[in-house]
Amino acid sequence: ISFLSRYSKELLYLFSIKGTNVSLCFYHKGFLDCAQTIIRREGPLSLVRGSIILWVKHPILPAATVSVSNYFKALISVSKRDSELVKPLKSAASGTLAYISTMAISYPLDLIHSCLQVDVGIPLAVGTATVVTYRYTGVLDAVQKVWARSGLPGFYQGALLSIVGTFIYRATYYASYATIQRKANEYSDSLFEDEAERSLHKMSRKPLFKFTTSLFCSVTACFVAYPL
């Protein structure tokens with residue numbers, strides 16, 4: 001993941017130093033050639049620059065997410081009496097509130113990690129040697145500069161769009177998933193008259209159908225929410 005991120009940064013670097021010619025997208029022969037260029041220019045550690053933040057984030061975030069998700073699911077519970085419109089909205093609301101709660105921890109970490117990821121090293125000639133310079137020298141330097149520039153709000157720049165995008169994603173996902181499941185069950189029920197047969201052959205209970213439906217709904221939700 002760090003390498004793919006650096007590949008994107010490499011294109012930004014080329015645009016910044018050589019103009020905006022579209023042909024620059026083909027400056028590298030491929031991923032391996034890009035990796036060799038980055039390592040040659042900035043050293044091998046540049047491929048995983050800022051990854052220490054992920055080591056801090058990933059052990060803490062899942063535990064926090066599970067705890068707050070269960071709380072908001074109980075607070076905004078979905079009942080059988082809810083309409084097909086209300087059910088996905090409730091699921092989206094509980095998921096978004098859980099995301100907002102965990103975002104208080106994760107968003108500043110993601111922002112600092114992004115600062116380090118898009119901070120492309122620029123080689124400068126100093127005498128006979130070449131020195132790679134960065135805007136941020138490390139995690140603590142990035143934290144200090146963001147704090148000095150914007151204070152605490154600076155660590156949550158763009159958070160509102162992230163919240164709106166998360167709600168739209170979850171609402172789209174749950175609404176489309178519930179609709180497809182309901183239509184599939186209606187179709188499978190129409191094939192059998194016996195209630196036991198209907199229960200046995202319900203489409204919503206088939207693992208492969210659930211997987212493909214979830215994958216389709218996830219891609220659709222990403223497409224809808226991605227502009228934010």
Side-chain angles (χ1 to χ4, degrees), residues 1-20 24-25 27-28 31-68 96-127 129-169 222 225-228:
I1 293 173
S2 294
F3 173 67
L4 292 176
S5 178
R6 280 311 311 265
Y7 183 78
S8 301
K9 287 167 52 181
E10 179 68 9
L11 293 181
L12 292 174
Y13 171 77
L14 292 172
F15 281 120
S16 66
I17 64 174
K18 294 189 177 182
T20 56
L24 287 176
C25 292
Y27 180 82
H28 294 297
F31 286 107
L32 292 179
D33 181 55
C34 177
Q36 292 174 355
T37 302
I38 294 174
I39 293 173
R40 189 165 52 247
R41 189 179 68 236
E42 304 177 39
L45 292 179
S46 64
L47 295 176
V48 292
R49 193 162 184 258
S51 61
I52 190 174
I53 293 178
L54 301 180
W55 296 1
V56 175
K57 172 186 171 182
H58 288 306
I60 299 174
L61 193 59
T65 301
V66 170
S67 62
V68 298
T96 303
L97 289 174
Y99 173 75
I100 294 172
S101 301
T102 57
M103 189 180 66
I105 301 173
S106 65
Y107 200 86
L109 296 176
D110 289 334
L111 184 133
I112 296 300
H113 185 244
S114 298
C115 288
L116 295 174
Q117 283 287 294
V118 300
D119 187 18
V120 178
I122 300 177
L124 297 176
V126 180
T130 301
V131 178
V132 178
T133 60
Y134 294 98
R135 180 180 182 183
Y136 305 106
T137 59
V139 174
L140 293 180
D141 182 60
V143 171
Q144 291 174 352
K145 287 182 177 177
V146 171
W147 179 269
R149 183 173 63 248
S150 307
L152 184 60
F155 292 96
Y156 294 94
Q157 293 178 4
L160 181 59
L161 285 178
S162 183
I163 293 171
V164 174
T166 298
F167 180 81
I168 293 175
Y169 170 86
C222 284
Y226 187 79
L228 295 175

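Hydrogens, waters and symmetry mates are skipped; everything else that's a heavy atom, side chains included, is used.
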**Student:** Check for a donor-acceptor pair, side chain of Y107 on one end and backbone N or O of Q157 on the other, with a separation under 3.5 Å.
**Tutor:** yes

**Student:** Considering non-hydrogen atoms only, spot the tightest contact between G165 and A225 and give its length.
**Tutor:**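 Heavy-atom minimum between the residues: O-CB, 3.5 Å.
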
**Student:** Is there a side-chain contact between L97 and S101 (heavy atoms, below 4.5 Å)?
**Tutor:** no

**Student:** With rounding to the nearest 0.5 Å, note down the distance linking OG1 in T137 to NZ in K145.
**Tutor:** 6.0 Å

**Student:** Would you mind listing every salt bridge (charged side-chain N to carboxylate O under 4.0 Å, His left out) that reaches into residues 147-169, with sequence neighbours excluded?
**Tutor:**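 Checked against salt bridge (charged side-chain N to carboxylate O under 4.0 Å, His left out) - neighbours excluded - no pair reaches residues 147-169.
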
**Student:** To the closest 0.5 Å, what do you measure between OG (S162) and OH (Y169)?
**Tutor:** 13.0 Å

**Student:** For residues I112 and V146, report the shortest heavy-atom separation together with the two atoms involved.
**Tutor:**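 Minimum heavy-atom separation between I112 and V146: CD1-CG2, 4.1 Å.
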
**Student:** Going by salt bridge (charged side-chain N to carboxylate O under 4.0 Å, His left out), name the pairs with one or both residues in residues 98-115, residues two or more places apart or in two chains.
**Tutor:**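 Checked against salt bridge (charged side-chain N to carboxylate O under 4.0 Å, His left out) - neighbours excluded - the pairs reaching residues 98-115 are K57-D110.
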
**Student:** Near L152 CG, under 6.0 Å, is it more than 12 heavy atoms from other residues, nucleotides or ligands?
**Tutor:** yes

**Student:** Please name the pair of heavy atoms, one in M103 and one in P108, separated by the smallest distance, quoted to 0.1 Å.
**Tutor:** O-CD, 3.6 Å

**Student:** Between atom CG of L116 and atom CG of D141, what is the distance when rounded to the nearest 0.5 Å?
**Tutor:** 9.0 Å

**Student:** Taking A104's backbone N and O only, do any of them form a donor-acceptor pair with Y156's side chain (distance below 3.5 Å, no angle check)?
**Tutor:**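 The answer is yes, because a donor-acceptor pair under 3.5 Å joins these two groups.
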
**Student:** Roughly how far, to the nearest 0.5 Å, is CG of L109 from CD1 of I52?
**Tutor:** 11.5 Å

